[in-house]
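Working notes, beginning with the structure itself.
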Amino acid sequence: MVNREEIDLRKVYIETKNTLSDFVEAPDFEAQQIVRQVFDVSYSEILTGVKRMACPEQIKRIRDIVTRRCEHYPLQYLLGEWDFFGRPFLVGEGVLIPRADTEVLVEEALRFLEPLSAPKVLDLCSGSGCIGLTVALERPDAQVTAVEKSPAAFCYLTQNNERLGAKAECLLGDALALEAVKGPFDLIVSNPPYLTGQDMAELQVEVRFEPAEALYGDEDGLYFYRELTKIYVQRLRPGGMLAYEIGEGQQNAVSELLAAASLKSICQIPDYNGIIRCITGKNCDFVEDYGLSAV
Ligand code: GLN
């Protein structure tokens with residue numbers, strides 16, 4: 001026999017929030033996310049104090065999540081999924097958690113693709129697939145290939161592809177040693193590992209639970225921009241665009257790498273916090289922007 005008890009979700013929310021308040025920065029937001037997911041209710045239902053028949057597993061799940069969260073284990077891993085561009089992506093140990101900052105790169109990619117029909121898109125170091133699969137879902141006519149080398153992350157990529165119905169082609173392999181994806185592509189996007197040695201030494205406790213191989217871009221953080229740019233500029237079609245997410249302060253170094261690879265119209269795009277988060281460059285013979293087209 002299952003002992004179900006009637007519980008007041010608002011009370012559970014407040015208790016959860018209070019317990020978390022000494023440990024996390026946004027206890028109310030996190031408590032909402034936890035109660036919403038465990039009881040499958042909306043935020044307004046929580047606030048109006050809806051009563052629910054709860055089974056012991058649900059109560060235990062809340063307690064387990066709160067305990068682990070107080071140890072700074074990432075909320076996203078505890079919930080098992082996280083929203084990106086309005087869609088839930090499955091996440092867990094071994095895959096980088098999608099960040100809201102990355103939406104800037106996706107918006108830029110979608111803007112570039114707007115006038116193109118049936119574009120070919122390549123997403124490198126895909127992780128959960130939040131970039132590549134979002135592009136595929138926003139542009140169902142696009143032919144998207146997503147590449148990920150970590151088997152654990154690849155597992156999330158393929159599950160998200162299936163679950164969201166993105167129909168991307170997912171390849172398990174090292175983007176730096178992959179002969180299979182020759183292109184040419186209209187757009188190549190990547191959010192590669194870009195943290196520096198110093199960043200890694202100063203990681204927030206939560207981020208230490210994420211895979212280091214998805215974070216660390218060598219001592220200067222620029223390893224993947226150097227290596228990927230060399231290989232993939234050759235795989236852009238004329239007029240095609242390379243778009244990277246970058247870390248704070250990397251804009252000049254990465255812009256120079258793109259310019260050294262003969263890309264033109266290099267743009268630096270800030271995220272919602274005003275930090276330059278995305279660099280794009282185009283494979284064309286002339287500079288389109290600023291009215292400087294070559295004669
Ligand atoms: N944005 C992540 C962080 O700051 C890093 C992601 C990456 O290296 N691509 O933790």
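We count ligands from 1, going down the list as the structure has it; atoms in each ligand are counted the same way.
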E93 side chain to Y73 side chain, donor-acceptor N/O pair below 3.5 angstrom: yes
Taking a hydrophobic cluster as the set of Ile, Leu, Val, Met, Phe, Trp and Tyr residues connected by side-chain heavy atoms closer than 4.5 Å, whether directly or through intermediates, do V207 and F224 fall within one such cluster? yes
Does a side-chain N-to-carboxylate-O contact under 4.0 Å join R277 and D101? yes
What are the polar N/O contacts of ligand 1 with the protein below 3.5 Å, with distances?
| from | atom 1 | to | atom 2 | distance (Å) |
| --- | --- | --- | --- | --- |
| ligand 1 | 1 (N) | Y194 | OH | 3.0 |
| ligand 1 | 8 (O) | Y194 | N | 3.0 |
| ligand 1 | 8 (O) | L215 | O | 3.4 |
| ligand 1 | 9 (N) | N191 | OD1 | 2.8 |
| ligand 1 | 9 (N) | P192 | O | 2.7 |
| ligand 1 | 10 (O) | R99 | NH2 | 3.0 |

Side chains of T196 and D199: does their closest heavy-atom pair fall under 4.5 Å? yes
Any side-chain donor paired with an acceptor under 3.5 Å for E245 and Y194? yes
Does the ring centre of F209 sit less than 6.0 Å away from the ring centre of Y77? no
